[in-house]
Each structure stands twice: as C-alpha cells, then as structure tokens.
Amino acid sequence: MELTAAPMLRDSLEKQNPGEIMAVASRANSDYGRFVDEVKDMSLFPLWERVGGLKPGTKCLPAHWSYESVRPQLLLACEMVTKKEASRRVLCLENPTLRGTTFICDSLFAGLQIIMPGEVAPSHRHTPSALRFIVEGEGAYTAVAGEKLPMKLGDFVVTPAWAWHDHGNLGTTPVVWLDGLDTPFARFFGAAFYEPYPEDTQPINRPQGESIDVYGTNMLPADYQSDGQSSPVLIYPYERTRAALDSMAKAGKLHPAHGYRLRYANPATGKHPFPTMAVSMQRMPAGFAGATYRSTGASVFAVHKGTGRVKLGDAEHALAPHDVFVAPPWVPYSFSAESDVELFSYSDRAGQEALGYWREQVG
Ligand code: GTQ
C-alpha cells in the first residue's frame with residue numbers, strides 16, 4: 001500500500017531507525033492519518049509516534065566564563081545599580097543554550113555576586129537551597145538561620161531551603177562569591193516560594209561559630225535529630241578543606257579523572273550538604289593529565305587555584321583562577337594541570353541519587 005504518513009512522521013521514523021521505516025508507517029493509510037489527527041485534537045498522543053527515545057544527556061551545551069572577562073562587568077554593575085536597587089547584585093551565568101532562563105544548566109543556577117564595603121543585601125528566604133563559594137575579597141559575612149558567618153576565600157557556605165539569609169560587607173574591598181542554587185528543581189515542581197524579611201537584617205541569636213563547632217567536629221548534640229535534608233554545618237572553611245586535601249595527597253589516593261577529590265558531607269547523615277546538590281573540592285597536582293569522565297550529573301566548576309586546561313565536550317578551555325564552567329549531563333570532560341589546580345564544584349548528583357538516576361563512566 002502507498003505510504004500516506006505525513007512527511008514529518010516518515011522523517012522522524014527514519015531518524016529513530018535509520019534505513020528502516022517501522023511497520024507502523026507501512027500501516028499508515030488515510031484512516032490512520034485521520035485517526036492520528038482526531039486523537040491529537042482530543043489531547044491524546046500516540047506513544048508509538050514519540051521520537052527521541054530515552055537516552056542520557058540534554059540539549060544543554062557546556063559553557064565557560066573566564067573570570068578575567070567577567071570581573072570588569074561585576075565592577076561596572078556596582079556603578080550601574082546600588083545594592084538597594086538590585087537587592088542582590090548578581091550576574092547570572094546563563095547558559096547560551098538556555099537563554100531567557102537565567103540558568104547555567106537545566107537543573108542548576110549559578111551567579112557571581114559582588115558586594116561593596118558597607119553594603120547590606122537584605123534578608124529573605126526561599127524554597128531553593130543555596131551555596132556560596134568565596135572568590136575574592138575579605139570582610140564579608142552572610143547571616144543564615146540566626147548565625148553570622150564571616151567568610152574567607154575558598155570557604156563554602158550552606159543556605160538551607162527556607163532559611164532566612166542576608167549578607168554584608170564590613171571590609172574595605174569588594175567581595176565576590178559564586179552563588180549556586182537548585183532553583184530549577186523548585187520551578188520544575190511548581191514549589192518556588194519566596195519571602196522577604198520585614199527588616200534588612202535578621203536577628204542574630206546563635207553564637208558565632210556554633211554550627212561548625214557543635215556539628216562539625218565529629219560530634220553531634222546528644223538529642224539532635226536530623227531531618228535528613230541540609231547540613232547543620234553552615235560553613236566549611238577552606239583551611240580545613242586544604243588540610244584534608246594535603247593529607248589525602250600524602251596518602252596518594254589519586255583518582256584517574258578527578259585527582260584528589262573530597263566531597264562536603266552532612267555530618268548527621270554522611271550524605272550531601274543539600275537534598276539536591278552534591279558539593280566537592282578536588283586538587284590536581286601539576287602535570288596531572290586526567291582520564292575522560294562523564295556522569296548524568298550536571299556539574300558547575302569554579303577554579304579556586306592554579307592553571308590548566310579542560311576538554312569539555314567538543315571544546316577545550318584554558319583554566320585560570322575563578323573561571324567558571326559547566327559540564328551538562330553525560331558530556332565527557334577531562335582535566336590537565338599546569339600548576340597545582342584546585343576546583344570547587346557542585347552538581348545535581350544528590351537529587352539524582354535520591355531518585356535512583358545517577359550514573360557515571362570513567363575512561
Ligand atoms: O544571595 O540570597 O544569586 O536569593 C540568587 C538568589 C543570590 C542570595 C542569587 C538569591 C541570592
């Protein structure tokens with residue numbers, strides 16, 4: 001019988017099964033065509049006509065931002081808008097393949113935030129979880145859930161979902177940090193709530209250092225019950241991370257793709273610091289040439305120290321301190337280090353593991 005399937009259907013079937021038009025197409029006659037049109041008008045779609053079957057990866061492409069090119073724009077932003085106008089003076093790292101979303105990949109947000117001396121970013125809370133990674137400057141703090149957290153270079157700060165948070169710069173230089181949020185998760189589920197605090201700053205009602213001193217020294221308050229969500233440790237200081245990496249390097253446990261790599265843990269569960277995001281710091285010694293790696297997790301990387309290169313999908317980028325890049329799901333990447341390189345990263349691995357989706361491939 002003459003094929004009467006619409007050209008689009010034939011094309012898509014050809015793509016799905018090159019060189020072979022499936023039996024369904026040969027059954028396609030005018031009755032079939034009328035049937036498809038009729039059910040489509042009833043908001044019914046025949047599953048057997050769906051194309052692009054189940055396979056890992058997304059349409060989102062890798063992207064890289066050099067800090068050298070972004071930094072002047074952050075400083076310009078300080079002239080363009082006051083903190084009051086902007087609330088958060090953030091340049092979102094918006095993936096060119098996701099224009100209009102503000103997102104760096106389908107599951108994550110990344111932004112570089114700059115705060116000038118004397119400025120305050122007013123308190124608010126939202127259902128997305130947030131992290132900060134301090135990139136430049138001294139003297140800023142963030143207040144999270146009643147605790148004031150002074151931040152130093154390389155520190156990683158946790159802002160759990162729905163926790164009040166405000167920032168301030170008490171120093172004399174601009175301070176820049178990377179904001180990482182799981183906003184696309186909240187949007188996906190239609191659960192993105194936001195609330196401003198009635199004043200600029202929230203009351204500080206916990207002693208400075210409480211979250212790390214009480215929860216971050218391999219002990220927990222005897223009656224503490226974790227809700228299994230975000231870490232009770234709100235700041236992971238770089239000096240401790242560096243010491244841990246030093247010891248790991250002495251022990252010589254070098255991963256073929258990642259070098260020496262530690263993940264930040266929620267001490268109450270042993271799992272990730274957020275329900276959605278896994279967070280890591282890795283060190284690759286000078287001369288390291290890493291194996292190719294890919295996983296279903298989308299990862300955002302920020303260079304903390306050193307210079308090297310990353311092969312990221314079809315492109316290759318030089319890496320310098322504070323550059324940011326994103327490896328979308330299932331895109332292969334590999335690193336090489338000219339000097340000792342340290343890379344901070346966060347990914348959607350926690351969420352994927354919780355849902356049973358996460359997979360990886362080394363080499
Ligand atoms: O500092 O609270 O980059 O709420 C995006 C959303 C930063 C923040 C961002 C936020 C913040």
Side-chain angles (χ1 to χ4, degrees), residues 63 65 67 70-71 73-75 77-78 80-95 98 100-116 118-137 139-151 155-170 174-188 191-202 204 230 234-235 273-274 276-277 279 298 300-302 322 324 326 344-346 348:
W65 292 260
Y67 191 62
V70 175
R71 189 177 186 276
Q73 305 299 339
L74 285 168
L75 291 171
C78 297
M80 298 288 159
V81 288
T82 62
K83 199 74 181 169
K84 216 157 194 76
E85 286 165 333
S87 174
R88 264 69 175 155
R89 200 187 290 105
V90 177
L91 289 179
C92 310
L93 304 176
E94 185 183 60
N95 194 299
L98 299 175
T101 65
T102 76
F103 299 146
I104 192 162
C105 58
D106 292 291
S107 56
L108 299 168
F109 170 97
L112 284 166
Q113 178 160 176
I114 185 164
I115 182 164
M116 295 302 257
E119 288 182 335
V120 165
S123 204
H124 68 201
R125 64 181 178 179
H126 34 67
T127 44
S129 301
L131 65 82
R132 332 264 158 224
F133 180 68
I134 316 313
V135 162
E136 182 181 331
Y141 67 87
T142 183
V144 178
E147 183 173 338
K148 198 168 201 170
L149 306 157
M151 306 185 289
D155 290 357
F156 153 52
V157 176
V158 171
T159 303
W162 210 236
W164 294 113
H165 54 286
D166 46 84
H167 321 296
N169 183 351
L170 305 173
V175 175
V176 178
W177 62 75
L178 176 71
D179 288 315
L181 287 89
D182 60 6
T183 322
F185 279 83
R187 293 264 188 93
F188 176 79
F193 288 90
Y194 166 90
E195 192 182 0
Y197 194 74
E199 330 233 334
D200 271 1
T201 54
Q202 65 182 299
I204 300 302
S230 285
L234 298 177
I235 186 160
F274 300 100
T276 45
M277 294 184 285
V279 190
V300 177
F301 292 87
H322 318 313
V324 178
V326 59
F344 173 86
S345 63
Y346 62 100
D348 57 12

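Just so it is clear, the model here is predicted, and its values are computed rather than measured. Note that ligands are numbered from 1 as they come in the structure, with each ligand's atoms numbered from 1 the same way.
Counting atoms of ligand 1 from 1 in the listed order, those under 4.0 Å from a heavy atom of H167 are 1 (O), 2 (O), 8 (C).
For N95, the side chain to side chain contact (heavy atoms under 4.5 Å, CB included) partners two or more places apart in sequence, or in a different chain, are C60, A63, T97, L98, V326.
For atom 3 (O) of ligand 1, the nearest protein heavy atom (residue, atom name, distance) is D179 OD2, 2.8 Å. Atom 10 (C) of ligand 1 has as its closest protein heavy atom H126 NE2, 3.8 Å. Of the protein's non-hydrogen atoms, the one nearest atom 8 (C) of ligand 1 is R88 NE, 3.0 Å.
With contacts defined as side-chain heavy-atom distances shorter than 4.5 Å, the pair F274/V279 qualifies.
Counting only non-hydrogen atoms, the option in L112, L93, L181, T102 that gets closest to atom 5 (C) of ligand 1 is L181.
Only the side chain of R132 comes within 4.0 Å of ligand 1, counting heavy atoms alone; its backbone N, CA, C and O stay farther away.
Note that CG of D166 and CD1 of I204 are 6.5 Å apart. Values are rounded to the nearest 0.5 Å. Between K148 atom NZ and L170 atom CG the span is 5.5 Å, to the nearest 0.5 Å. Between the CG atom of N169 and the CE atom of M151 there is a distance of 8.5 Å, given to the nearest 0.5 Å.
R89 places a side-chain N or O within 3.5 Å of a backbone atom of V81 that can act as its donor or acceptor partner.
Heavy atoms of Y194 stay at 4.0 angstrom or farther from ligand 1.
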